[in-house]
A.B. asks: 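Following this message is one structure expressed as structure tokens.
Atoms within a ligand are numbered from 1 in the order they appear, just like the ligands themselves.
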Amino acid sequence: MRDLALCLFLFFLTNCVTSVPTKEEFESCLSTISENPSNITNHKSDSRIYTASPESPSPDSSFLNLNFTSLKPILTLKPESESEIKKSILCSKKLGVQVRTLSGGHDYEGLSYLSLSPFMIINLVNLRTININLTEETAWIQSGATLGELYYEIAKTSKIHAFAAGTCPSVGVGGHFSGGGLGAMMRKHGLASDNVVDASLMDVNGRILDRSTMGEDVFWALRGGGAASFGVVLSWKVKLARVPEKVTCFISQHPMGTSMNKLVHRWQYIGAEIDENLFVRAIISNNQNGGQRRVKTTFQALFLGGVDRLIPLMNQTFPELGLRARDCSEMSWIESTMFFNWKSGQPLETMLNRDLRYEDLYYKAKSDFVQKPVPENVFEEVTKMFLEKETPLMILEPLGGKINEISESDSPYPHRRGNLYNIQYMVKWRVNEVEEMNKHVRWMRMLYDYMTPYVSASPRRAYLNYRDLDLGSNTGTNTSFEDARIWGEKYYRGNFKKLGLVKGKIDPTNFFRNEQSIPPLF
Ligand SMILES: Cc1cc2nc3c(=O)[nH]c(=O)nc-3n(C[C@H](O)[C@H](O)[C@H](O)COP(=O)(O)OP(=O)(O)OC[C@H]3O[C@@H](n4cnc5c(N)ncnc54)[C@H](O)[C@@H]3O)c2cc1C
Ligand SMILES: *[C@@H]1O[C@H](CO)[C@@H](O)[C@H](O)[C@H]1NC(C)=O
Ligand SMILES: *[C@@H]1O[C@H](CO)[C@@H](O)[C@H](O)[C@H]1NC(C)=O
Ligand SMILES: *[C@@H]1O[C@H](CO)[C@@H](O)[C@H](O)[C@H]1NC(C)=O
Ligand SMILES: *[C@@H]1O[C@H](CO)[C@@H](O)[C@H](O)[C@H]1NC(C)=O
Ligand SMILES: *[C@@H]1O[C@H](CO)[C@@H](O)[C@H](O)[C@H]1NC(C)=O
């Protein structure tokens, strides 16, 4: 995100933006635009319109961006009804303003709340109702809900149901479901997007479409293609997963050194192969203890079963870890979601917290997919690089299981059979300065370059929900589909073309666009 901010900053130094509609013009449009009155409910938009003040970050952005006021929205609307979203879209079209839809605001490059062009934000925070149907084992979830709100609601309703999605509770459903959704149950139940069975989409004309009226190709595109290219997804219908009343979690920590390298090396052979009820991820991070910097690897695991079955399973498949029953805890599934957030023992209500309690506000992230085990010495080199940094992070998440049973073209998310694990790289920093940003971003690119020989290639794969503008971005309003292939095929591989065709059908004028939206193909 800092990268985008920098590049936009340079853009604004050298360009003059003219005739940007004012907030007042936009509000006047909202109050006059004609619409069937029966659709308008609870109209009290004033309390929901915020103007960005030049000094402070826009109040709705969770990740504070650098102090570049030019990137602020003309206004942020927090609609309470679908008709208000429709009016926002129609007025934005009329006034030549871009729309950025914000659900949880976790986009790694800030594309839900930053833009080069004049724009407004539709913040879905007030549209977050969750309706669970236990008979059907489904739920309808409005896009503004967070994963934590969804997990909490499911746990309140049933002890044996759950949903397979990401581990961070403040992530929004809107961005997460539409970009895939990797989580601790994916080896058993697939990605979040694999479990979407219907959706409600508002298109560029303000029409509300469901799966049957949008057509199977548009519905396909929403399940991993990134919804921002196609419209505003109002809500999602998902299939719930069944879980045992007791699951088991453990954490196993290992300081840097030969035995840590051997463990991570060995883990690569079993992570994607073991019983699909078992998810063991490896987190490489730094410890800053008493002035001395140390690297460590933390194995963090969820087993959909009891400890009595887990111990023999681990003894058989990963004996090097030396797991014992007393290292494990049995708990309910909802408690396991807290465990994965280092929140064990806290009230379940902390899952409802929408704020991002990040100590370090600035970061740069990247992703990779690994297809054959990386040599042991690579982890030694990574340790050396980590020692140069205060807060570097690499999260290795095992794939396999259910993910492999789904074909690459079944949804836009293509990273299936043949991929052992996903890597998420991250570096964080505290000082809000361009020089500081450059230093950390350079380091991140160096680590990424170092990993090149060991990860997927031609093209090097990337995960959409770990958005990275280094991969390439649209320039101006009219990037051709051909030019976008450079980054598009990294996220979507062979599915990119179909995404372009769907875009050409549902939004032919390319109204819904951002730095990495899909250009229309006809
Ligand atoms: C702390 C943290 C932890 C994370 N953990 C995981 C994890 O465990 N697994 C994983 O897979 N990912 C994880 N992610 C990544 C996360 O899945 C993505 O950033 C996701 O896109 C965030 O969704 P959001 O709604 O919060 O973001 P937003 O910033 O609101 O949206 C992201 C993108 O989707 C668009 N969008 C949002 N809502 C809609 C809508 N209703 N209709 C149309 N377009 C929409 C936005 O315009 C933007 O382009 C994590 C991210 C963070 C910051
Ligand atoms: C608005 O209401 C009319 C009549 O009730 C209906 O036909 C139309 O589909 C509604 N539009 C939206 C966007 O809900
Ligand atoms: C942000 O910019 C404003 C206006 O230029 C300035 O007054 C303020 O000090 C800046 N804040 C930071 C944290 O740099
Ligand atoms: C739940 O789904 C069943 C089966 O489709 C349906 O008959 C029932 O009306 C639904 N319940 C609610 C509360 O919507
Ligand atoms: C692990 O397996 C070995 C034999 O494969 C057995 O001797 C040992 O007791 C087992 N340990 C545990 C903790 O199950
Ligand atoms: C966009 O590009 C296409 C083909 O490259 C061209 O035909 C079209 O006129 C361009 N549109 C605008 C608005 O520049």
A.B. asks: State, with a plain yes or no, whether a side-chain heavy atom of Asp468 is found less than 4.5 Å away from one of Tyr425.
C.D. replies: no

A.B. asks: Between the side chains of Asn465 and Tyr108, does any donor sit under 3.5 Å from an acceptor?
C.D. replies: no

A.B. asks: Test Asp470 against every option in Lys364, Glu109, Met444 by the side-chain contact (heavy atoms from CB on, under 4.5 Å) rule and name the one that passes.
C.D. replies: Lys364

A.B. asks: With heavy-atom distances below 4.0 Å as the criterion, list the atoms of ligand 1 near Gly181.
C.D. replies: 11 (O)

A.B. asks: First locate atom CZ of Phe369, then atom CD1 of Ile423, and finally report the distance between them rounded to the nearest 0.5 Å.
C.D. replies: 10.0 Å

A.B. asks: Can you tell whether the side chains of Arg416 and Asp194 come within less than 4.0 Å, N to carboxylate O?
C.D. replies: yes

A.B. asks: With nothing but distance in play, are any N or O atoms of Leu182 less than 3.5 Å from an N or O of ligand 1?
C.D. replies: yes

A.B. asks: Below 4.0 angstrom from a heavy atom of Gly166, which ligand 1 atoms are there? Numbered from 1 as shown, please.
C.D. replies: 7 (C), 8 (O), 9 (N)

A.B. asks: Suppose we measure from atom 4 (C) of ligand 4 to each protein heavy atom; which comes out shortest, and what is that distance?
C.D. replies: Glu136 CG, 3.5 Å

A.B. asks: I'd like to know if His176 contacts ligand 1, where contact means a heavy-atom distance under 4.0 Å to any ligand atom.
C.D. replies: yes

A.B. asks: Please list, in number order, the atoms of ligand 1 under 4.0 Å from a heavy atom of Tyr463.
C.D. replies: 10 (C), 11 (O)

A.B. asks: Does the N or O separation between Leu124 and ligand 1 drop below 3.5 Å for any pair?
C.D. replies: no

A.B. asks: I want to confirm something. Looking only at heavy atoms, which of Gln424, Glu515, Arg467 is nearest to atom 49 (O) of ligand 1?
C.D. replies: Arg467

A.B. asks: Under a 3.5 Å cutoff, is there a donor and acceptor pairing between the side chains of Gln424 and Tyr463?
C.D. replies: no

A.B. asks: Does Tyr466 have a heavy atom less than 4.0 Å from any atom of ligand 1?
C.D. replies: yes

A.B. asks: Counting heavy atoms only, which part of Ser103 comes closer than 4.0 Å to ligand 1: side chain, backbone, both or neither?
C.D. replies: both

A.B. asks: Can you see which heavy atom on Phe177 is nearest to which on Val238, and at what distance?
C.D. replies: CE2-CG1, 3.7 Å

A.B. asks: Is it true that Phe230 lies under 4.0 Å from ligand 1, counting heavy atoms only?
C.D. replies: no

A.B. asks: When you compare ligand 1 with Ser170, is there at least one nitrogen or oxygen pair between them that comes in under 3.5 angstrom?
C.D. replies: no

A.B. asks: Does some non-hydrogen atom of the protein lie less than 4.0 angstrom from atom 9 (O) of ligand 4?
C.D. replies: no

A.B. asks: Give yes or no for whether the N/O distance cutoff of 3.5 Å, strictly under, is met between Tyr363 and ligand 1.
C.D. replies: no

A.B. asks: For ligand 1, which is the ligand I care about here, please tell me if Ser112 has any N or O atom under 3.5 Å from one of the ligand's N or O atoms.
C.D. replies: yes

A.B. asks: At their closest point, which heavy atom of Thr76 faces which heavy atom of Pro73, and how far apart are they?
C.D. replies: OG1-CG, 3.7 Å

A.B. asks: Would you call Ala165 a ligand 1 contact, heavy-atom distance under 4.0 Å?
C.D. replies: no

A.B. asks: Once the angle between the rings of Phe481 and Phe496 is folded into 0 to 90°, is it parallel (under 30°), tilted (30 to 60°) or perpendicular (over 60°)?
C.D. replies: parallel

A.B. asks: May I ask you to identify the nearest protein heavy atom to atom 6 (C) of ligand 4, giving residue, atom name and distance to one decimal place in Å?
C.D. replies: Asn133 ND2, 4.2 Å

A.B. asks: Enumerate the atoms of ligand 1 whose separation from the nearest heavy atom of Gly231 is less than 4.0 angstrom.
C.D. replies: 42 (N), 43 (C)

A.B. asks: Is the side chain of Arg187 donor-acceptor paired with the backbone N or O of Asn277 at a distance under 3.5 Å, no angle test?
C.D. replies: no

A.B. asks: Taking NZ, NE, NH1 and NH2 as the nitrogens, is one of them in Glu276 or Lys402 under 4.0 Å from a carboxylate oxygen of the other?
C.D. replies: no

A.B. asks: Checking side-chain polar atoms at under 3.5 Å, does Asn353 have a donor or acceptor matched by the opposite partner on Thr350?
C.D. replies: no

A.B. asks: What do you reckon, does Val173 have a nitrogen or oxygen under 3.5 Å from a nitrogen or oxygen of ligand 1?
C.D. replies: no

A.B. asks: What atoms of ligand 1 come within less than 4.0 Å of a heavy atom belonging to Gly104?
C.D. replies: 24 (P), 25 (O), 26 (O), 30 (O)

A.B. asks: Judged by non-hydrogen atoms, does Gln516 sit under 4.0 Å from ligand 1?
C.D. replies: no

A.B. asks: Assess the side chains of Gln142 and Ser235: does a donor N or O sit below 3.5 Å from an acceptor N or O?
C.D. replies: no

A.B. asks: Under 3.5 Å between some N or O of ligand 1 and some N or O of Val171?
C.D. replies: no

A.B. asks: Using a 4.0 Å cutoff against the non-hydrogen atoms of Asn465, which atoms of ligand 1 qualify?
C.D. replies: 15 (C), 16 (C), 17 (O), 18 (C), 19 (O), 20 (C), 21 (O)

A.B. asks: Under 4.0 Å, counting heavy atoms only: does Ser178 come that close to any atom of ligand 1?
C.D. replies: no

A.B. asks: When you compare the side chains of Arg100 and Ser115, does any donor N or O come within less than 3.5 Å of an acceptor on the partner?
C.D. replies: yes

A.B. asks: When you look for heavy atoms under 4.0 Å from ligand 1, do you find them on the side chain of Arg100, its backbone, both, or neither?
C.D. replies: neither

A.B. asks: Ligand 1 and Leu102, any nitrogen or oxygen pair closer than 3.5 angstrom?
C.D. replies: no

A.B. asks: Tyr108 heavy atoms, cut-off 4.0 Å: which ligand 1 atoms fall inside?
C.D. replies: 50 (C), 51 (C), 52 (C), 53 (C)

A.B. asks: Checking Ser143 against Trp236: is there a side-chain donor and acceptor pair closer than 3.5 Å?
C.D. replies: yes

